Number of protein chains: 2
Amino acid sequence: MGTADVTEETAGGEEKPWGEVTPEAARRLLVAAVEAFAERGYHATTTRDIAGRAGMSPAALYIHYKTKEELLHRISRIGHDKALEILRSAAEAEGSAAERLSAAVRSFVRWHAGHHTTARVVQYELDALGAEHRTEIVELRRQSDAAVRRILNEGVAAGEFDVPDVPGTTLAVLSLCIDVARWFNTEGRRTPDEVGALYADLVLRMVGVQK
Amino acid sequence: MGTADVTEETAGGEEKPWGEVTPEAARRLLVAAVEAFAERGYHATTTRDIAGRAGMSPAALYIHYKTKEELLHRISRIGHDKALEILRSAAEAEGSAAERLSAAVRSFVRWHAGHHTTARVVQYELDALGAEHRTEIVELRRQSDAAVRRILNEGVAAGEFDVPDVPGTTLAVLSLCIDVARWFNTEGRRTPDEVGALYADLVLRMVGVQK
DNA sequence: ACAGCCTCTAAGCGCTTGCTCACCCTCGGG
DNA sequence: CCCGAGGGTGAGCAAGCGCTTAGAGGCTGT
């Protein structure tokens, strides 16, 4: 089955939300689930609600997904993959540590703001996953942590950053970015780009870079 | 069995865990609910689970609380009151803006780490409240926002801080502090005091204060 | 044409949920 | 001694839950 790669790079303009989910009906169900989970939370969402949003009968869900938890897992997995990829591609680019940190925070935050419904599910419904699926996802988060910590360490080694507590600052930077998914609102006055720029600036200050 | 052994005293203030909840049985139920909500979330917690943790039958809950949602409201209200009071007393103290900001962040974070089970319910189960209760709580959060923004504005006016975007930075500071409740773990290697100190330092850097 | 397959539905099963109700216990004041 | 009041319980109700099953409908290849 699975054709592969999850990576569909958002080049410049177009963006197809969940293109990698292949049977069209399965994609509709998944999109409906993301909306419902983000709005009411996993446990408060019923399978009937998901199917209803997708314009299908409750039973249709079980043709494409074994359980409601599998739906959450798929969402969480794809979302984490995408978030991690975004972080990494910025972190592994060329340039000074300050430039890479700035780019990583900017794009990571922009994703959390722009896809805040998905991000909310991805970041805040982790406990609803079964034990096995959860450990799989936790491993992905460890990799996000490692990516950020690496930039900080390199910045310190190069004398660019002044960071007394690298693990603690790594935690704080990621926490700051992730929490964007909680408060960001499309009707608010800031665009994802603006929040990304603001946060990149704030994080550079946290590591002692003057502008 | 359960004696009132839960007394965690924070030096510097008279504080009994949930002393203001008056019938003893009601207090036990509320403490049980905080634990359960923090562990599994509001919607995944059953009234039977809460009653069971308090050593009572499921029906006992309804002698002291009209609904499960009222329990959440009581917890949320008391928790927000306490968090806001902690923020305010630091914010309205004497001293420079930098000193007050540092103290506010330190104590706010310390509370979120030390009482992370309560804080998790208070900060992340807001959507589970009914409409009326939610707007009441949202007003309290607006006041937290105002308290922090005031310090930032005063610091900028006094020339202590360099903050281009005061509302945005206010949001970021509060977001950073609040998210502590999500990741903090008692078994981790940091104490609430250490996290508070680290975060106070990071926030001072965010507003452009050199140490 | 039609068999084989996949998608989707109507109906519903077994179970759990939030919550209720009739009744029992304990206890202080006459 | 009885009394009434209020905290507590066992049993259980109506509703809603995740999920299953039997079968209808519509493609495709021969």
Side-chain angles (χ1 to χ4, degrees), chain A residues 1-3 18 21-37 39-76 121 125 127-134, chain B residues 1-4 18 20-37 39-76 121 125 127-134:
Chain A
M1 47 196 336
T3 66
W18 293 94
V21 183
T22 34
E24 166 61 16
R27 202 192 64 94
R28 261 164 51 218
L29 284 164
L30 193 135
V31 169
V34 169
E35 282 174 17
F37 291 163
E39 245 174 60
R40 311 143 111 85
Y42 174 81
H43 289 291
T45 299
T46 69
T47 55
R48 282 167 239 263
D49 182 20
I50 297 169
R53 285 177 194 242
M56 299 166 121
S57 88
L61 198 152
Y62 294 91
I63 294 161
H64 303 281
Y65 303 95
K66 226 160 51 184
T67 62
K68 179 179 153 190
E69 194 265 354
E70 188 193 316
L71 245 176
L72 176 62
H73 172 59
R74 282 273 234 285
I75 294 167
S76 198
V121 178
E125 299 291 353
D127 293 343
L129 287 170
E132 296 169 25
H133 287 159
R134 183 164 53 244
Chain B
M1 49 178 79
T3 56
W18 292 95
E20 58 266 63
V21 183
T22 34
E24 165 63 17
R27 201 192 65 93
R28 261 164 51 217
L29 283 164
L30 192 136
V31 169
V34 169
E35 283 173 18
F37 291 163
E39 247 172 58
R40 311 144 113 85
Y42 174 81
H43 289 291
T45 299
T46 69
T47 55
R48 282 168 239 264
D49 182 19
I50 297 169
R53 286 178 195 240
M56 300 163 121
S57 88
L61 199 153
Y62 293 91
I63 295 163
H64 301 282
Y65 302 95
K66 226 161 52 184
T67 63
K68 179 180 153 189
E69 194 264 356
E70 188 192 316
L71 246 177
L72 176 62
H73 171 58
R74 282 272 235 284
I75 293 168
S76 199
V121 178
E125 298 292 352
D127 293 341
L129 287 169
E132 297 169 23
H133 286 160
R134 183 164 53 244

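Every chain is numbered from 1, with letters handed out A, B, ... down the list of sequences. Everything quoted here is computed from the prediction, not taken from an experiment.
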Using the C1' atoms of five pairs at each end, what's the angle between the two axes of the helix from C:dA1-D:dT30 to C:dG30-D:dC1, to 10 degrees? 10°
Mind calculating the distance between [atom1] ([X]) and [atom2] ([N]) to the nearest angstrom?
{"X": "B:L61", "N": "D:dG7", "atom1": "CG", "atom2": "P", "value": "14 Å"}
{"X": "B:E70", "N": "C:dC19", "atom1": "CD", "atom2": "C1'", "value": "14 Å"}
{"X": "B:R28", "N": "D:dG7", "atom1": "CZ", "atom2": "C1'", "value": "11 Å"}
{"X": "B:K68", "N": "D:dG16", "atom1": "NZ", "atom2": "C1'", "value": "13 Å"}
{"X": "B:K66", "N": "C:dG18", "atom1": "NZ", "atom2": "P", "value": "18 Å"}

Considering only heavy atoms from C-beta outward, does the side chain of [X] approach that of [Y] to under 4.5 Å?
{"X": "B:L129", "Y": "B:S76", "result": "yes"}
{"X": "B:M56", "Y": "B:L29", "result": "yes"}
{"X": "B:R28", "Y": "B:R53", "result": "no"}
{"X": "B:L71", "Y": "B:T47", "result": "no"}
{"X": "A:I50", "Y": "A:L30", "result": "no"}

Please determine if A:K68 forms a cation-pi arrangement with A:Y42, meaning its NZ or CZ atom is less than 6.0 Å from the six-membered ring centre and no more than 45° off the ring axis. yes
Any side-chain N or O of A:H64 below 4.0 angstrom from OP1/OP2 of C:dC6?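 No, A:H64 has no side-chain N/O under 4.0 Å of OP1/OP2 on C:dC6.
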Using OP1 and OP2 only, check whether a side-chain N or O of A:Y62 sits under 4.0 Å from D:dC19.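 Checking A:Y62 against D:dC19: at least one side-chain N or O falls below 4.0 Å of OP1 or OP2.
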Nearest to the side chain of B:I63 - C:dA10, C:dC19, D:dT9?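 Of the candidates, D:dT9 comes closest.
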Basic-acidic side-chain contact under 4.0 Å: B:D49, B:R40: yes
Carboxylate-amine/guanidinium contact B:E69 B:R134, below 4.0 Å: no
Short of 4.0 Å, heavy atom to strand atom, which residues of residues 40-49 of chain A count as contacting DNA chain C?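 Within residues 40-49 of chain A, the residues near DNA chain C are A:R48.
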Drop me the distance from B:E70's CD to B:H64's NE2, to the nearest 0.5 angstrom.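 Spacing of CD (B:E70) from NE2 (B:H64) equals 11.5 Å.
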